[in-house]
Colleague: 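The structure's right below; bear with me while I get my questions together.
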Protein chains: 4
Amino acid sequence: MKKNKPKYHQIIDAAVIAIAENGYHQAQVSKIARQAGVADGTIYLYFKNKEDILISLFQEKMGTFVEKTSENIQTKSKAADQLRLLVENHFTLLTEDPHLAVVTQLELRQSNKELRLKINEVLKSYLLLIDQILQHGINSGEFRDSLNIRLARQMIFGTIDEMITTWVMNDQKYDLAASAQEAAEMLLNGFSMKKE
Amino acid sequence: MKKNKPKYHQIIDAAVIAIAENGYHQAQVSKIARQAGVADGTIYLYFKNKEDILISLFQEKMGTFVEKTSENIQTKSKAADQLRLLVENHFTLLTEDPHLAVVTQLELRQSNKELRLKINEVLKSYLLLIDQILQHGINSGEFRDSLNIRLARQMIFGTIDEMITTWVMNDQKYDLAASAQEAAEMLLNGFSMKKE
Amino acid sequence: MKKNKPKYHQIIDAAVIAIAENGYHQAQVSKIARQAGVADGTIYLYFKNKEDILISLFQEKMGTFVEKTSENIQTKSKAADQLRLLVENHFTLLTEDPHLAVVTQLELRQSNKELRLKINEVLKSYLLLIDQILQHGINSGEFRDSLNIRLARQMIFGTIDEMITTWVMNDQKYDLAASAQEAAEMLLNGFSMKKE
Amino acid sequence: MKKNKPKYHQIIDAAVIAIAENGYHQAQVSKIARQAGVADGTIYLYFKNKEDILISLFQEKMGTFVEKTSENIQTKSKAADQLRLLVENHFTLLTEDPHLAVVTQLELRQSNKELRLKINEVLKSYLLLIDQILQHGINSGEFRDSLNIRLARQMIFGTIDEMITTWVMNDQKYDLAASAQEAAEMLLNGFSMKKE
DNA sequence: TATGAATGAGATTTCATTCAT
DNA sequence: AATGAATGAAATCTCATTCAT
């Protein structure tokens, strides 16, 4: 299994840096190789092609994130708290790795449709996690019965994504994590029982 | 003024189709020219370079949309109604021009950072329109005083954008406009007075 | 006859300026037309193609020069004086028209082999004039009998040309005509009887 | 160092042939590559761009020539003999490499001003060599004290250059080297003491 | 395993020339 | 005679991938 060898991760981390520093289209395989301290050809011993590096990058980083977040939210019993934690975890992840933030929010989106479809495949587990929280909230009576889960999920993901992208575009110069609670509250407000 | 000549719009419309059908990187200038029914060189009588076509495309289509929507919402006195109209207009625009939907949601995002910055410039007027609605809602007492406008704007735009992108990625096979009202309600719910 | 119409010379003079100011490869037909104050298409009513402008330019300017010089030197009886006059006339011509100097010494040499062959054709009458002076000098006993005319002609033309080119490359900033007599003397020295 | 690898010289030699046979503007990179027996892209492993091939070509060929000639003339003690050797060496170099003669005398002069400035830079060492001979001749009393070195240098270079160019334009069909001695004598004659 | 030299397909843009008005 | 909008051919250079060592 290639994934267990140190060079596999070495190359992925090099790709994150190379893309963040040079931009998607200027991050040639040779630059990634140089950043990783290996020869160009070595890349192809660990990855099928350039696209494979990018998908693997996303899988490794996002996959790990979803797993951890999934575990984290099990510690909370209320859906509201779970959502709060999810937003916070997401913001914290990218705040702690500025290169990764640039890569996922700006650079990787320049990839072609085919690659983006594969990235979406990876994102599905994240969207599923959101769905679980929403379903749990409906079951527990925190959210209203009539909540359209697909719509709510798109609102959550769209909001988080837009917030992060704006923050990255502004050179990450303000404290993103500080807005996590407020964003969660506003979302939750939209999902709650109608007041009469 | 080049913009008043028929070939200017002819080429822009051809670009939308060529990009939608072939993808961003496969929409060569020669393909756009063929689609427009002009020679390759003619393109350069109306546009400085290829990037200029894409910027102009976005300005013409999105600029027109923002203008019209801006006028439309003046007919509504309540901020809630204005937001409902905004969402509906946006969904309708792209539902009625499937090619344009593909281009704005998927293909144009593959452009380089420089082009995306120019696109964002155009988007600013749209975000400003959203801000106006939100401010109006606060002033009229429809939305709570403490509403964080920047956050609310990101929620609105992020949600709309995510909904459209998902719809386009699913080959536009369901009725997007049908979700407009529901989406607007959920957003509005989040902005309303806290219930006790 | 096109050559008698004012626009013919208007276009040639415009070409000299356009080429001198923009360089050979940057002097597009449209620039020459603009400089001449006519439409692009008008050029083709007076010249077969772009090359034809350049050949005509050279013919008009150099042809006139050779004619005048030819007349001038008839006023001198000694070959040495004729040569002195020839050099002086050549230097004066280009000193008085800096644009023309740049065009003939630098820019027109960037043309392709075919055009340069045609330019050489025009130059032949100039070389013939030099030959006449040399033959006259031999006949009159001013130059030695054994003088190789072809060689002497190449020396004269090569020296003049190299002097002018260097002067143009140095932005015409020194007085070229001032060197005319000295250059002529040195050439004449080489042609004179061997001293014992 | 790229210059020590065999392909560097292989490509330069191919460029000389390709340019001589096709002309400057018809010697596309792909033709040079084919002539060199390498792929188009390989060219760019050894040269920055097409212009770099041409500059390097001139530097290698002319630079080597100046160096060798410089060494050669050290074997002669008299300035007159040194000049004779210089002319002979120059004529011999180009007589032995007809392709190179076409390239330096006709084709490379079609290059743009920027490239020609770089070529002139290389030529400076040649002109310096001529100056050394002239100065030596003055010091040794072979040439007259009052000799204008700049002028004499332009006469030497101009004459040699004109002779070669005419010879190349006439398809190199006569024996250029045979005229070397005669040309040198005529130049020397011009530099010698005035006879009384 | 690792290397890195070599490959070669592919696209934007310019500009001389034409021709309908 | 004059215009100028339209034409369309043509070439440099990049970079993902391979493969002999």
Side-chain angles (χ1 to χ4, degrees), chain A residues 2 5-7 11 25-34 36-54, chain B residues 2 5-8 11 22 25-34 36-53, chain C residues 2 5-8 11 25-34 36-54, chain D residues 2 5-8 10-11 22 25-34 36-53:
Chain A
K2 306 266 183 194
K5 306 211 175 173
K7 280 193 181 159
I11 291 168
H25 289 293
Q26 280 309 301
Q28 295 87 348
V29 171
S30 61
K31 262 190 195 140
I32 296 174
R34 199 179 322 137
V38 301
D40 293 15
T42 306
I43 298 272
Y44 292 85
L45 298 174
Y46 295 89
F47 299 92
K48 217 166 55 236
N49 49 37
K50 189 180 178 181
E51 189 177 79
D52 189 27
I53 308 176
L54 306 177
Chain B
K2 307 262 181 198
K5 303 201 177 174
K7 278 193 182 154
Y8 175 83
I11 291 167
N22 299 284
H25 288 292
Q26 279 308 301
Q28 296 90 345
V29 171
S30 61
K31 264 187 195 143
I32 296 174
R34 200 181 317 137
V38 299
D40 293 17
T42 305
I43 299 272
Y44 293 87
L45 296 177
Y46 295 88
F47 300 92
K48 224 171 41 242
N49 49 38
K50 189 179 177 181
E51 188 180 75
D52 190 28
I53 308 176
Chain C
K2 306 265 183 195
K5 306 209 176 174
K7 279 193 181 157
Y8 175 82
I11 290 168
H25 289 293
Q26 279 309 301
Q28 294 89 348
V29 172
S30 61
K31 263 189 195 143
I32 296 174
R34 200 181 319 137
V38 300
D40 294 16
T42 306
I43 299 271
Y44 291 86
L45 297 175
Y46 294 89
F47 299 91
K48 220 168 53 238
N49 49 38
K50 187 181 180 180
E51 189 178 78
D52 190 26
I53 308 177
L54 306 176
Chain D
K2 306 261 182 197
K5 303 200 178 176
K7 279 196 181 150
Y8 176 82
Q10 192 175 326
I11 291 167
N22 299 284
H25 289 292
Q26 278 309 301
Q28 296 90 345
V29 171
S30 62
K31 266 188 193 141
I32 296 175
R34 200 181 318 137
V38 300
D40 294 16
T42 305
I43 300 270
Y44 293 88
L45 296 177
Y46 295 89
F47 299 92
K48 222 172 41 241
N49 49 38
K50 189 180 177 181
E51 189 179 75
D52 190 29
I53 307 177

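What you see below is based on every heavy atom in this structure, not just the backbone, and it leaves out hydrogens, waters and symmetry mates.
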Colleague: In whole angstrom, what separates I53(D)'s CD1 from dA11(F)'s C1'?
Modeller: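 Nearest whole value for this atom pair: 13 Å.
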Colleague: Between I11(C) and Y46(C), what is the shortest heavy-atom contact and its length?
Modeller: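 Residues I11(C) and Y46(C), closest heavy atoms: CD1-CD1, 4.0 Å.
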Colleague: Rounded to the nearest 0.5 Å, what's the gap from CD1 on I53(D) to NZ on K48(D)? Could you check?
Modeller: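 So the gap between those two atoms works out to 11.5 Å.
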Colleague: Determine which bases of DNA chain E form Watson-Crick or G-U wobble pairs with both distances under 3.5 Å, and write the result as a 5' to 3' dot-bracket string with | for other-strand partners.
Modeller: .||||||||||||||||||||
Colleague: What is the distance, to the nearest angstrom, from the CD1 atom on I32(B) to the P atom on dT12(E)?
Modeller: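 Distance, rounded to whole Å: 8 Å.
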Colleague: Please state how far atom CD1 in I43(A) lies from atom P in dC19(F), giving the value in whole angstrom units.
Modeller: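 My rounded result for the distance is 18 Å.
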Colleague: To the nearest Å, give me how far apart NZ (K7(D)) and C1' (dG4(E)) are.
Modeller: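 It works out to 12 Å between those atoms.
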Colleague: Could you pull out the closest heavy-atom pair between I32(C) and A27(C), with the gap in Å?
Modeller: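 Answer, listing the atom of I32(C) first, then A27(C): CD1-O, 4.0 Å.
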Colleague: Do K31(B) and Q28(B) meet the criterion of a side-chain donor-acceptor pair at a distance under 3.5 Å?
Modeller: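 Short answer, yes.
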Colleague: To the nearest Å, give me how far apart OH (Y8(C)) and C1' (dA1(F)) are.
Modeller: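 Rounded to whole Å, this separation is 18 Å.
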Colleague: At less than 4.0 Å, is any side-chain N or O atom of K31(D) found next to OP1 or OP2 of dA11(F)? Yes or no.
Modeller: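 So the side-chain polar atoms of K31(D) never come under 4.0 Å of the phosphate oxygens OP1 or OP2 of dA11(F).
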Colleague: Take atom CD1 of I11(B) and atom P of dA5(F), then tell me their distance rounded to the nearest Å.
Modeller: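 Interatomic distance, CD1 of I11(B) to P of dA5(F): 14 Å.
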Colleague: Over all heavy atoms of both residues, which pair between V29(D) and Y44(D) is shortest? Give the atoms and the distance, please.
Modeller: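 Nearest pair, atom of V29(D) first, then Y44(D): CG2-OH, 3.6 Å.
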Colleague: From I43(B) CD1 over to Y8(B) OH, what is the distance, rounded to the nearest 0.5 angstrom?
Modeller: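 Between I43(B) CD1 and Y8(B) OH, I get 12.0 Å after rounding to 0.5 Å.
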Colleague: Given atom CG of L54(C) and atom P of dA16(E), what is their separation to the nearest angstrom?
Modeller: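 The answer, rounded to whole Å, is 10 Å.
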Colleague: Would you mind classifying the nucleic acid contact of Y46(D) as base, sugar-phosphate or nothing, using non-hydrogen atoms under 4.0 angstrom?
Modeller: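 Sugar-phosphate: the residue Y46(D), judged by heavy atoms under 4.0 Å, touches backbone atoms but no base.
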Colleague: Return the polar atom pairs (N/O with N/O) between nucleotides 15-17 of chain F and the protein under 3.5 Å, or none.
Modeller:
{"unit_1": "dC15(F)", "atom_1": "OP1", "unit_2": "Q28(A)", "atom_2": "NE2", "d": "3.0"}
{"unit_1": "dC15(F)", "atom_1": "OP2", "unit_2": "Q28(A)", "atom_2": "NE2", "d": "3.1"}
{"unit_1": "dA16(F)", "atom_1": "OP1", "unit_2": "K50(A)", "atom_2": "NZ", "d": "3.0"}
{"unit_1": "dA16(F)", "atom_1": "OP2", "unit_2": "V29(A)", "atom_2": "N", "d": "2.9"}
{"unit_1": "dT17(F)", "atom_1": "OP2", "unit_2": "Y44(A)", "atom_2": "OH", "d": "3.0"}
{"unit_1": "dT17(F)", "atom_1": "OP2", "unit_2": "K50(A)", "atom_2": "N", "d": "2.9"}

Colleague: Write down the distance between CZ (R34(B)) and P (dT7(F)), rounded to a whole number of angstrom.
Modeller: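 The answer, rounded to whole Å, is 14 Å.
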